[in-house]
Amino acid sequence: MSEPSPHRHHAIDYVEFTVTNLAEAKRFYADAFGWQFNDYGPGYAGIRSPHDSGPEVGGLRLDQAVQPGGPLVLLYSVDLDRSVQAVKEAGGQVVKGPYEFPGGRRFHFTDPSGNELGAWAER
């Protein structure tokens with residue numbers, strides 16, 4: 001008998017970020033959010049959750065340039081002000097907010113490669 005799959009039908013299963021410097025991207029996300037990584041050679045690292053040993057949730061893929069636009073990835077935070085500070089201390093740039101929205105507060109930031117993400121909190 002096989003074990004049940006940790007993957008859910010039609011759920012977002014994996015998010016991949018293009019980065020221009022893999023080592024710098026890993027350092028930034030580890031410092032700002034506690035992310036951990038599985039290395040797959042010089043051009044790719046899988047993202048592991050800092051909270052459990054479950055499956056990878058995404059990856060960092062090395063390329064020459066980051067293309068702006070596309071879906072906006074939002075991270076949840078229990079302390080948005082602390083997350084803002086962690087992004088700044090890790091070398092990211094806050095590009096919008098923090099600001100109020102109907103579900104709470106959020107801000108947008110860019111990582112050292114120029115990827116824009118957001119983080120939100122219920123208050």
Side-chain angles (χ1 to χ4, degrees):
M1 191 168 319
S2 65
E3 292 191 26
S5 173
H7 307 286
R8 295 178 47 202
H9 182 63
H10 288 176
I12 294 174
D13 191 66
Y14 200 84
V15 176
E16 190 171 88
F17 299 97
T18 301
V19 298
T20 56
N21 182 319
L22 188 58
E24 176 65 8
K26 287 171 46 181
R27 186 213 51 80
F28 170 77
Y29 286 108
D31 289 354
F33 303 112
W35 291 4
Q36 301 173 35
F37 303 93
N38 292 324
D39 292 316
Y40 296 107
Y44 200 88
I47 301 168
R48 296 190 332 253
S49 171
H51 304 294
D52 58 41
S53 60
E56 288 180 0
V57 296
L60 302 176
R61 181 179 54 82
L62 184 63
D63 206 336
Q64 295 295 314
V66 172
Q67 300 297 319
L72 178 67
V73 174
L74 294 172
L75 309 175
Y76 178 75
S77 174
V78 296
D79 184 344
L80 197 68
D81 295 324
R82 177 64 195 121
S83 294
V84 168
Q85 191 62 35
V87 163
K88 290 177 180 178
E89 289 173 359
Q93 182 177 359
V94 174
V95 296
K96 186 175 183 182
Y99 61 92
E100 302 281 330
F101 76 104
R105 295 174 58 227
R106 73 190 241 184
F107 74 102
H108 295 195
F109 65 92
T110 55
D111 70 10
S113 293
N115 290 298
E116 183 175 337
L117 289 82
W120 78 280
E122 293 172 306
R123 284 287 148 216

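Below, each value reflects all heavy atoms present in this structure, side chains not excepted, and no hydrogens, waters or symmetry copies.
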Output for pair (Glu122 CD, Ser77 OG), nearest 0.5 Å, gives 10.5 Å
Heavy-atom nearest pair, Leu22 first then Tyr44, reads CD2-N, 3.6 Å
Output for pair (Arg82 CZ, Glu89 CD), nearest 0.5 Å, gives 5.0 Å
message: Quick check: do Asp81 and Asp79 have side-chain heavy atoms less than 4.5 Å from each other?
response: yes
Correct closest heavy-atom pair for Leu72 and Glu116 would be CD1-O, 3.6 Å
* Asked: Any link between Leu75 and Phe37 through a network of hydrophobic side chains (Ile, Leu, Val, Met, Phe, Trp, Tyr) touching at under 4.5 Å?
  -> yes
d(Asn115 CG, Thr18 OG1) to nearest 0.5 Å is 6.5 Å
Smallest heavy-atom separation, Pro102 atom then Arg123 atom, equals O-NH2, 4.3 Å
Between Asn38 and Arg48, the two heavy atoms sitting closest are OD1-NH1, 2.9 Å
Taking the ring of Phe17 and the ring of Phe28, is the distance between their centroids below 6.0 Å? no
Q) Under a 4.5 Å side-chain heavy-atom rule over Ile, Leu, Val, Met, Phe, Trp and Tyr, are Leu117 and Phe33 clustered together? A) yes
On a heavy-atom basis, the closest approach of Ala65 and Thr20 is CA-CG2, 3.9 Å
ask   = Does any non-hydrogen side-chain atom of Gln36 lie less than 4.5 Å from one of Lys26?
value = no
According to a hydrophobic-cluster definition based on side-chain heavy atoms being under 4.5 Å apart (Ile, Leu, Val, Met, Phe, Trp, Tyr only), do Val19 and Val15 belong together? yes
Separation between NE2 (His108) and CG (Leu74), nearest 0.5 Å, reads 6.0 Å
Quiz item: Do Trp120 and Val73 belong together in a cluster built from hydrophobic side chains that touch within less than 4.5 Å?
Solution: no
Are Tyr99 and Arg106 linked by a side-chain donor-acceptor pair shorter than 3.5 Å?
yes
Heavy-atom closest pair (Val84 atom, Pro98 atom, distance to 0.1 Å) is CG2-CG, 3.8 Å
Exercise for review: Check whether Tyr14 and Tyr29 end up in the same hydrophobic cluster, where Ile, Leu, Val, Met, Phe, Trp and Tyr are linked by side-chain heavy atoms less than 4.5 Å apart.
Suggested key: no
Output for pair (Phe109 CZ, Ser83 OG), nearest 0.5 Å, gives 8.5 Å
To the nearest 0.5 Å, atom NZ of Lys96 lies from atom OG1 of Thr110 at 14.0 Å
